[in-house]
Peer 1: 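This structure is in structure tokens; I'll ask about it shortly.
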Amino acid sequence: MAYWLVKSEPFKYSWDQFVKDKQTFWDGVRNYQARNNLKAMQKGDEVFFYHSNEGLAIVGIAKVAKEHYQDPTTEDPNWVVVDLKPVKAFKKPVTLAEMKAEPALSNLALIRQGRLSVCPVTEAEWHTIMEMGNMQ
DNA sequence: GCCAACGTTGGC
DNA sequence: GCCAACGTTGGC
């Protein structure tokens, strides 16, 4: 079991839309590092859903419903998607500012490499963030 | 809307 | 294979 974090701009695809859809394929990844992370995801892995640009917070938890497959929005075999489904929303979203202020999260990939749209989260980081969001 | 960070591209 | 130029992302 591994943990991940994906980003979405709420304009483009918000958590609310995700919940309404019940399931979605995570497309639009056009970065090799992010793509490699997508490929490493396994069914059942848990994923933080982060709102970039607006909100700047982790707003919910998703689960990998289907492992990577060819991105249906392109012919290019370089790119893949995974299926995600919503698990639950944070009662209290954990903001980027809070995560930056938390010493236990100083190595968080999201903070170290802000532009990476799909990044790994360690188990310790996962639990820290869960506590910060009152999700324990 | 600006700017910093970073990835990608292309000329040499 | 290096490096400058350029484009994109995302925080502020």
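Every chain is numbered from 1 and lettered A, B, ... according to where its sequence line falls, protein lines coming before strand lines.
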Peer 1: Nearest whole angstrom, please: distance from the P of dT9(C) to the CG of N31(A).
Peer 2: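 Rounded to whole Å, this separation is 10 Å.
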
Peer 1: Rounding to an integer number of Å, can you tell me how far L5(A) CG sits from dG10(C) C1'?
Peer 2: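 Those two atoms, CG and C1', are 14 Å apart.
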
Peer 1: Please give, in whole Å, the distance from dC12(C) C1' to M99(A) CE?
Peer 2: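 To the nearest whole Å, that distance equals 16 Å.
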
Peer 1: Would K92(A) and E98(A) pass as an ion pair if we require N to O under 4.0 Å?
Peer 2: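 Yes, charged N to carboxylate O under 4.0 Å.
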
Peer 1: Roughly how many Å is it from CG in L96(A) to P in dG10(C), rounded to a whole number?
Peer 2: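 Rounded to the whole Å, the gap is 12 Å.
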
Peer 1: Find which nucleotide of DNA chain B each of Q33(A) and N53(A) is nearest to by heavy atoms, and output the residue with the more 5' nucleotide.
Peer 2: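 Its nucleotide being nearer the 5' end, the pick is N53(A).
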
Peer 1: Pick the nucleotide of DNA chain C nearest each of G28(A) and A97(A); which residue has the one closer to the 5' end?
Peer 2: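 Closest to the 5' end, via its nearest nucleotide, is G28(A).
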
Peer 1: Is K43(A) salt-bridged to D83(A), going by a charged N under 4.0 Å from an acidic O?
Peer 2: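 Between D83(A) and K43(A) there is no salt bridge, as every charged N stays at least 4.0 Å from the carboxylate O atoms.
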
Peer 1: Rounded to whole angstroms, how far apart are CZ on F11(A) and C1' on dT9(C)?
Peer 2: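 Going from CZ in F11(A) over to C1' in dT9(C) covers 14 Å.
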
Peer 1: Can you check nucleotides 3-8 of chain C for protein contacts, nitrogen or oxygen pairs under 3.5 Å, and list what you find?
Peer 2:
unit_1 : atom_1 : unit_2  : atom_2 : d
dT8(C) : O2     : R115(A) : NH2    : 2.9

Peer 1: Would you please indicate yes or no on a ring centroid separation below 6.0 angstrom for Y32(A) and W79(A)?
Peer 2: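 Close enough - the centres of the two rings lie under 6.0 Å apart.
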
Peer 1: Within the distance-only criterion (no hydrogens, no angle test), does the side chain of D21(A) pair as donor or acceptor with the backbone N or O of Q23(A) below 3.5 angstrom?
Peer 2: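 Such a contact is absent between D21(A) side chain and Q23(A) backbone.
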
Peer 1: Given atom OH of Y32(A) and atom P of dT9(C), what is their separation to the nearest angstrom?
Peer 2: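 In whole Å, dT9(C) P lies 15 Å from Y32(A) OH.
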
Peer 1: Please report, rounded to the nearest Å, how far the P atom of dG11(C) is from the CD atom of E54(A).
Peer 2: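 Rounded to whole Å, this separation is 12 Å.
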
Peer 1: Tell me what L116(A) touches on the nucleic acid: a base, only sugar-phosphate, or nothing, going by heavy atoms under 4.0 Å.
Peer 2: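 Nothing, no nucleic acid heavy atom in range.
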
Peer 1: Is there a donor-acceptor pair under 3.5 Å between the side chain of R35(A) and the backbone N or O of N78(A)?
Peer 2: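 Flag set: sc R35(A) to bb N78(A) pair under 3.5 Å.
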
Peer 1: On the nucleotide dT9(C), are OP1 or OP2 found under 4.0 Å from the side-chain N or O atoms that K7(A) carries?
Peer 2: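 No, outside the criterion.
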
Peer 1: Does W26(A) have its ring centroid less than 6.0 Å away from the ring centroid of F49(A)?
Peer 2: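 Ring centroids of W26(A) and F49(A) are less than 6.0 Å from each other.
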
Peer 1: Classify the angle between the aromatic ring planes of Y3(A) and H127(A) as parallel (below 30°), tilted (30 to 60°) or perpendicular (above 60°).
Peer 2: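 Plane angle over 60°, so perpendicular.
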
